[in-house]
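Heads up, the thing below is written out as structure tokens.
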Amino acid sequence: MQNSKLIYLFILMVLAGLLSCGRDADISKIRKLEKLFSRETDAEKKSELANILHKEYSLYHLESDPDTAFLMNWAKMAMAGGEYEQARDVYSLYIEIDQKNHEVHMKRGLVNARLGFFKQAALDYARATSLMEENNQKTLRCIELSAFYDYCDSVITVAGENIASGKDIVRNRLLRAKMFMECNHFAAAKADIDVVLKHDSLNADGNFLLARLGVSVNDLALSEYALTKYFMAASDNDAAYGDALRMRDEIDRRLKLEDLANRLLESPNDYHLLIDAGSVSFRLKEYQKALVYCNRLTTAYPDSVFGYLYRGQIGIQKGKFVDALNDFERVVTIDPENISARNLKAYVYLITDDTEQLKREIDLILSRDGELLDVLKPWATRKQ
């Protein structure tokens with residue numbers, strides 16, 4: 001009997017050891033996968049690794065008592081893999097352990113907003129605000145988001161109740177669609193817009209919203225179609241008419257950029273195509289695309305001023321003022337009489353509070369009979 005008991009205890013110890021080894025192996029595998037994830041640059045492979053890690057975290061969680069660092073990594077992988085409901089649950093697990101981490105409440109607020117739980121998102125951001133010790137930009141942003149999502153929830157709820165009761169259905173569908181779009185829930189917004197346009201294909205407000213939605217999801221064909229319908233129905237004193245004109249200009253630029261990108265596939269170093277693609281991207285505020293085209297232009301044509309001029313302006317937008325000044329300096333080295341580059345140099349000195357260099361650059365511009373940017377003109381009278 002005693003021998004049987006010893007054998008039984010021995011078996012339990014062996015099993016415990018095996019389980020312990022299994023856990024060590026699991027966490028070791030997780031750490032290796034985390035390193036691979038952090039190093040991977042290909043978006044598709046990164047997403048695959050995120051999904052694998054998400055599953056490994058789930059399995060590990062079943063066999064262990066994870067700490068908060070583990071939960072943060074798990075939530076990060078769930079988010080990267082598009083598993084938003086799982087991420088929400090993981091952040092909730094974290095909050096059960098530590099209720100005073102404002103960053104986690106903010107992250108769960110973001111996930112709740114993505115899932116359409118706007119009231120919960122508002123509460124998360126409000127809780128995050130209450131946990132912050134200092135009033136700073138992040139605090140103000142949390143207050144704004146809490147108020148915004150609380151308002152969204154109220155509007156969507158009331159509109160839904162009115163639709164269900166048959167009260168002013170078109171107006172409430174459009175109101176709810178507009179609010180869904182503000183929260184980036186485009187599929188839900190389109191469902192409401194489609195119902196309105198099914199009954200009235202020339203509804204101006206519905207077509208305007210549909211055009212905006214098309215721009216948001218980069219479906220330019222849909223936007224073109226919807227704007228055509230809008231202009232057929234709306235008068236030029238319609239409240240949205242000016243916005244519709246501006247939207248049409250933006251769509252035209254985006255379509256032009258698509259065409260330029262396709263043509264550059266056949267002629268990758270075409271000088272004029274690269275200039276056009278860079279300038280159109282810049283005007284669309286797609287600075288990363290513009291930067292790619294400018295880099296290609298300056299590499300293929302190192303003495304062309306256009307690439308440096310646009311790249312310098314991208315530097316200003318990104319707050320990389322030293323890089324911007326270097327690009328503008330390269331322009332005036334190639335073309336000393338280039339007033340645009342000198343104006344832009346002066347502008348950088350203005351926003352970086354380098355008064356001495358600012359005055360010097362203004363003097364150089366005026367000595368060449370150049371026209372100052374409006375923002376620089378007040379300094380022309382102070383330069384003495």
Side-chain angles (χ1 to χ4, degrees), residues 41 218 246 248-384:
T41 56
N218 204 31
R246 285 186 286 274
R248 186 169 63 183
D249 289 342
E250 180 181 347
I251 291 167
D252 287 344
R253 288 196 189 102
R254 289 187 182 277
L255 289 170
K256 182 178 180 180
L257 187 58
E258 282 186 4
D259 177 61
L260 288 166
N262 289 330
R263 290 166 66 188
L264 279 165
L265 291 175
E266 297 177 4
S267 306
N269 288 328
D270 185 287
Y271 180 70
H272 295 291
L273 291 179
L274 286 171
I275 290 175
D276 285 348
S279 64
V280 173
S281 300
F282 184 81
R283 287 187 176 89
L284 287 169
K285 298 183 180 179
E286 294 194 11
Y287 299 125
Q288 202 54 44
K289 282 185 181 178
L291 185 60
V292 170
Y293 292 125
C294 289
N295 285 338
R296 285 168 61 180
L297 187 62
T298 55
T299 300
Y301 305 96
D303 290 332
S304 170
V305 300
F306 293 102
Y308 300 110
L309 272 175
Y310 278 115
R311 193 169 69 182
Q313 290 175 79
I314 295 166
I316 292 175
Q317 295 299 326
K318 290 178 170 288
K320 296 182 177 180
F321 301 121
V322 173
D323 292 343
L325 285 172
N326 287 338
D327 278 325
F328 299 141
E329 191 59 47
R330 182 64 184 269
V331 173
V332 297
T333 299
I334 298 168
D335 177 12
E337 301 304 314
N338 193 297
I339 299 300
S340 294
R342 293 197 177 278
N343 263 302
L344 288 165
K345 279 182 70 180
Y347 177 67
V348 173
Y349 292 136
L350 174 64
I351 58 181
T352 56
D353 294 321
D354 191 338
T355 306
E356 185 177 337
Q357 292 289 0
L358 169 62
K359 291 178 179 178
R360 176 178 173 278
E361 207 61 49
I362 287 175
D363 282 341
L364 286 169
I365 293 168
L366 295 176
S367 70
R368 289 169 167 78
D369 295 325
E371 178 72 18
L372 288 172
L373 292 173
D374 287 342
V375 72
L376 300 176
K377 287 178 180 177
W379 285 89
T381 58
R382 301 183 204 178
K383 64 185 179 64
Q384 301 299 330

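- Of all non-hydrogen atoms in Val348 and Ala324, the two that sit nearest each other are CG2-CB, 4.5 Å.
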Next on the checklist: Under the criterion salt bridge (Lys or Arg N to Asp or Glu O under 4.0 Å), I'd like the reasoning laid out for Lys377 against Glu371: C-alpha separation, chi angles, the key distance, then a yes or no.
Outcome noted: CA-CA 9 Å; Lys377 287 178 180 177; Glu371 178 72 18; 3.0 Å; yes
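- One distance of note links CG of Asn338 with CG of Leu309; it measures 5.5 Å at 0.5 Å rounding.
- Arg342 and Glu337 are not joined by a salt bridge, as no carboxylate oxygen comes within less than 4.0 angstrom of a charged side-chain nitrogen.
- Remark: aromatic rings of Tyr308 and Phe328 are distant, center separation not under 6.0 Å.
- Atom OG of Ser304 is separated from atom CD1 of Ile275 by 5.0 Å, given to the nearest 0.5 angstrom.
- The SG atom of Cys294 sits 4.0 Å away from atom CD1 of Ile314, with the distance rounded to the nearest 0.5 Å.
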Enumerate donor-acceptor pairs with a distance under 3.5 Å from any side-chain N or O in residues 255-266 to protein atoms, sequence neighbours excluded.
residue	atom	partner	partner atom	Å
Asn262	ND2	Glu258	O	3.2

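- Here the side chain of Ser279 pairs a donor or acceptor atom with the backbone of Asp276 at under 3.5 angstrom.
- Going from atom CD of Glu329 over to atom CG of Leu344 covers 12.5 Å, rounded to the nearest 0.5 Å.
- When every heavy atom of Ala341 is checked against every heavy atom of Val331, the shortest pair comes out as CB-CG1, 3.5 Å.
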Next on the checklist: Does Asp327 form a salt bridge (Lys or Arg N to Asp or Glu O under 4.0 Å) with Arg330? I'd like the steps, not just the answer.
Outcome noted: CA-CA 5 Å; Asp327 278 325; Arg330 182 64 184 269; over 6 Å; no
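- Among residues two or more places apart in sequence or in another chain, the side-chain contact (heavy atoms from CB on, under 4.5 Å) test is passed with Pro268 by Arg296.
- Distance check: Ile339 CD1 to Leu372 CG gives 9.0 Å after rounding to the nearest 0.5 Å.
- Every residue two or more places apart in sequence or in another chain that forms a side-chain contact (heavy atoms from CB on, under 4.5 Å) with Thr355 is listed here: Lys359, Trp379.
- Summarising the geometry of Asn295 relative to Thr299, their closest heavy-atom pair is O-OG1, 2.7 Å, with the distance given to 0.1 Å.
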Next on the checklist: If you apply the rule side chain to side chain contact (heavy atoms under 4.5 Å, CB included), what do you find for Glu250 with Arg254, and how did you get there?
Outcome noted: CA-CA 6 Å; Glu250 180 181 347; Arg254 289 187 182 277; 3.0 Å; yes
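- Across every non-hydrogen atom of Ala346 and Leu376, the tightest pair is CB-CD1, 3.6 Å.
- In this structure, NZ on Lys318 lies 13.0 Å from CZ on Arg311, to the nearest 0.5 angstrom.
- A salt bridge is absent between Arg246 and Asp249; no separation between the charged side-chain nitrogens and carboxylate oxygens falls under 4.0 Å.
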Next on the checklist: Before you tell me yes or no, could you show the steps for Leu291 and Gln288 under side chain to side chain contact (heavy atoms under 4.5 Å, CB included), namely the whole-Å CA-CA distance, both residues' side-chain angles and the distance that decides it to 0.1 Å?
Outcome noted: CA-CA 5 Å; Leu291 185 60; Gln288 202 54 44; 4.0 Å; yes
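- Every side-chain contact (heavy atoms from CB on, under 4.5 Å) that Glu356 has, sequence neighbours left out, goes to Asp354.
- Qualifying side-chain contact (heavy atoms from CB on, under 4.5 Å) partners for Val375, counting only residues two or more places apart in sequence or in other chains: Tyr347, Leu350, Leu373.
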Checklist entry - Please walk me through it: do Phe306 and Tyr271 pass side chain to side chain contact (heavy atoms under 4.5 Å, CB included)? => result CA-CA 10 Å; Phe306 293 102; Tyr271 180 70; 3.3 Å; yes
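- Glu286 has no carboxylate O lying under 4.0 Å from a charged side-chain N of Arg253, or vice versa, which leaves the two without a salt bridge.
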Next on the checklist: Set out, in order, the CA-CA distance, both residues' side-chain angles and the distance that settles side chain to side chain contact (heavy atoms under 4.5 Å, CB included) for Asn269 and Leu297, then state yes or no.
Outcome noted: CA-CA 7 Å; Asn269 288 328; Leu297 187 62; over 6 Å; no
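- Within 6.0 Å of CZ on Arg368 lie more than 12 heavy atoms contributed by other residues, nucleotides or ligands.
- Listed by first and then second residue, the ring-ring contact (aromatic ring centres under 6.0 Å, His included) pairs that reach into residues 273-297 are Phe282-Tyr287, Phe282-Tyr310, sequence neighbours excluded.
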